[in-house]
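Contents: one structure, followed by commentary.
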Amino acid sequence: MEHKDLLLHPAEELAIITAAQKQSAAFHPLYEKYAETIFYFLYRRTHDEDLAADLTSQTFLKALENIKKFQPRGVPFVAWLYRIAANEANAHFRQSKTTPKLSLESIFAHRIAEETADSMTEEKLAQLATCLSTLNDADLLLIQLRFYEEKSFKDIGFILDISEANAKMRLYRLLDKLKKML
Amino acid sequence: MTKKVIFTNEKPDFKKYKKRLAFDGLLEKKRQKDQKRLRWNLMVLVLEVLLVIAMAYWAVNKLQKPRTFLPVEQEQIVPLVEKP
C-alpha cells in the first residue's frame with residue numbers, strides 16, 4: 001500500500017467533504033491524500049504511467065464535479081473514488097478499443113497464493129499470471145481490489161455496484177477456479 | 001479478447017507526476033469546464049427565447065390577418081334578379 005502523507009480522521013474527512021460540496025477549493029486535502037492511491041490503482045489496471053496520470057486527473061475532475069451528489073452511506077470516500085476511477089478506466093478501454101493490461105507487484109502475489117496454492121515459486125507465479133489472463137475484466141478487478149488494494153467486501157461491493165455477499169461469493173468462486181487451474 | 005497480467009516489482013515514481021497532477025491545474029480544468037457548460041446553457045436559453053418569440057409572432061399574425069377568399073371568376077356570378 002502507498003504511504004499517505006496526510007492522515008485524516010473520518011469525522012475530519014467528512015467535514016472536508018461537506019466543505020468541498022460548497023466550495024471546490026476545500027477539496028485540496030482529499031486530493032492530496034488520495035491522488036497517489038488512485039494513481040497506483042490506475043497504473044496497475046493500465047500498465048502505462050502516462051495513461052494512469054491522465055485517468056487520475058479525469059477521476060478527480062469527475063469527483064470534484066459530482067461531490068455534491070456524494071452521500072456517506074457507510075462506505076469510505078476513497079471507495080467512491082475507486083468506483084469513479086474503475087469506470088474511467090473501463091470507459092477508456094471501451095473508447096480506445098484496447099484491452100487492459102494488468103501490472104501487479106509480484107511481492108504481493110503471495111496474498112493470492114495463500115488462497116490458491118501452498119507456495120509461490122517463480123514457476124507458480126508465471127502459471128498464476130497465465131491463469132489470471134484467462135479471467136474476464138470484472139473478475140480481474142475483483143482480484144485487484146481484494147489482494148492489491150486490500151479493500152473490504154463491503155467496499156468492493158460498493159465499487160462494483162453489487163452486494164457485499166455477492167462480492168464475497170464471486171471472489172470465493174474465482175479462487176476455487178484458480179485453485180483448480182494451478 | 002486477450003488480457004494480460006504481468007507480475008513485476010517495478011513501480012512508477014508518483015513524484016514525477018506531482019506537477020502534472022497539481023491541484024491548481026485540476027481547479028483550472030474544472031473552471032474551464034464550468035465556463036463551457038455555462039456558455040452552452042446560455043446559448044440554449046437564447047435559442048429557446050427566440051423560438052418562443054417566433055412562435056408568438058406567428059400566432060399573433062395568423063389571428064390578426066383577415067380571411068382571404070379565392071378570386072371568383074365573373075362568369076360564375078349568378079345575378080340575383082333577372083333582367084326584364
Side-chain angles (χ1 to χ4, degrees), chain A residues 2-3 23-25 27-32 35-40 43-44 47-50 52-54 56-65 67 93 97-109 112 120 122 125-126 128-137 139-140 143-144, chain B residues 1-70:
Chain A
E2 283 68 45
H3 298 287
Q23 203 185 9
S24 299
F27 191 78
H28 198 184
L30 296 171
Y31 183 72
E32 285 298 315
E36 195 176 344
T37 310
I38 296 298
F39 172 79
Y40 283 118
Y43 175 72
R44 287 185 192 113
H47 190 58
D48 184 333
E49 289 179 43
D50 282 322
D54 284 345
T56 304
S57 176
Q58 279 174 40
T59 299
F60 280 96
L61 188 62
K62 253 206 185 137
L64 203 55
E65 282 173 343
I67 192 139
F93 290 126
K97 287 174 184 165
T98 50
T99 52
K101 199 172 181 180
L102 245 72
S103 168
L104 304 175
E105 294 97 316
S106 45
I107 49 163
F108 297 132
I112 309 174
M120 191 47 72
E122 280 294 313
L125 200 66
L128 182 65
T130 315
C131 292
L132 287 174
S133 294
T134 61
L135 300 179
N136 66 38
D137 216 22
D139 290 343
L140 281 177
I143 295 270
Q144 188 189 349
Chain B
M1 211 160 100
T2 53
K3 282 154 203 110
K4 284 181 181 163
V5 175
I6 303 161
F7 279 114
T8 173
N9 278 327
E10 282 170 28
K11 214 172 153 188
D13 186 10
F14 180 69
K15 282 180 192 144
K16 223 169 83 184
Y17 295 93
K18 273 250 170 185
K19 208 173 170 186
R20 190 165 145 190
L21 293 170
F23 186 68
D24 291 342
L26 187 77
L27 278 185
E28 179 57 25
K29 264 187 202 171
K30 189 184 178 278
R31 197 187 60 80
Q32 282 175 3
K33 230 176 162 182
D34 284 348
Q35 226 168 26
K36 215 173 167 183
R37 193 178 297 134
L38 193 76
R39 227 176 287 149
W40 172 254
N41 286 348
L42 206 70
M43 204 175 80
V44 170
L45 188 76
V46 168
L47 282 175
E48 276 177 2
V49 168
L50 283 175
L51 188 74
V52 168
I53 291 172
M55 277 168 71
Y57 182 77
W58 175 81
V60 168
N61 255 14
K62 179 127 177 117
L63 289 171
Q64 276 183 352
K65 260 188 191 169
R67 280 187 71 189
T68 51
F69 296 93
L70 286 169

How long is the span from the NZ atom in B/Lys29 to the CD atom in A/Glu65, to the nearest 0.5 Å?
11.0 Å

Are there over 12 heavy-atom neighbours, none belonging to A/Lys62, within less than 6.0 Å of that residue's NZ?
no

Measure from the side-chain N and O atoms of A/Ser133 to the backbone N and O of B/Val5, and report whether any donor-acceptor pair falls under 3.5 Å.
yes

Atom OH of A/Tyr43 and atom CD of B/Glu10: how far apart are they, to the nearest 0.5 Å?
7.0 Å

Testing the basics here: between B/Ile6 and A/Lys101, what is the closest heavy-atom pair and its distance to 0.1 Å?
CD1-CE, 3.4 Å

Any salt bridge between B/Arg20 and A/Glu49, counting N to O under 4.0 Å?
no

Quick one: of A/Thr130, A/Asp54, A/Asp50, who has the most non-hydrogen atom pairs under 4.5 Å with chain B?
A/Asp50

How many angstroms lie between atom CZ of A/Phe27 and atom CZ of B/Phe23, to the nearest 0.5 angstrom?
7.0 Å

Nearest non-hydrogen partners of B/Leu27 and A/Ser24, listed with the distance:
CD2-CB, 3.8 Å

Give the minimum heavy-atom separation between A/Ser103 and B/Thr8, together with the two atoms involved.
OG-CG2, 3.4 Å

What closest approach, in Å, do A/Ala53 and B/Tyr17 show between heavy atoms, and which atom pair accounts for it?
CB-CD2, 3.6 Å

Interchain contact, A/His28 with chain B, by part (heavy-atom threshold 4.5 Å):
both

Per-residue contact mode, B/Phe14 against chain A (heavy atom under 4.5 angstrom)
both

Atom pair CZ/NZ of A/Phe39 and B/Lys16 - distance to nearest 0.5 Å
8.0 Å

Using 0.5 Å steps for rounding, measure from the CG atom of A/Leu128 to the CZ atom of B/Phe7.
4.0 Å

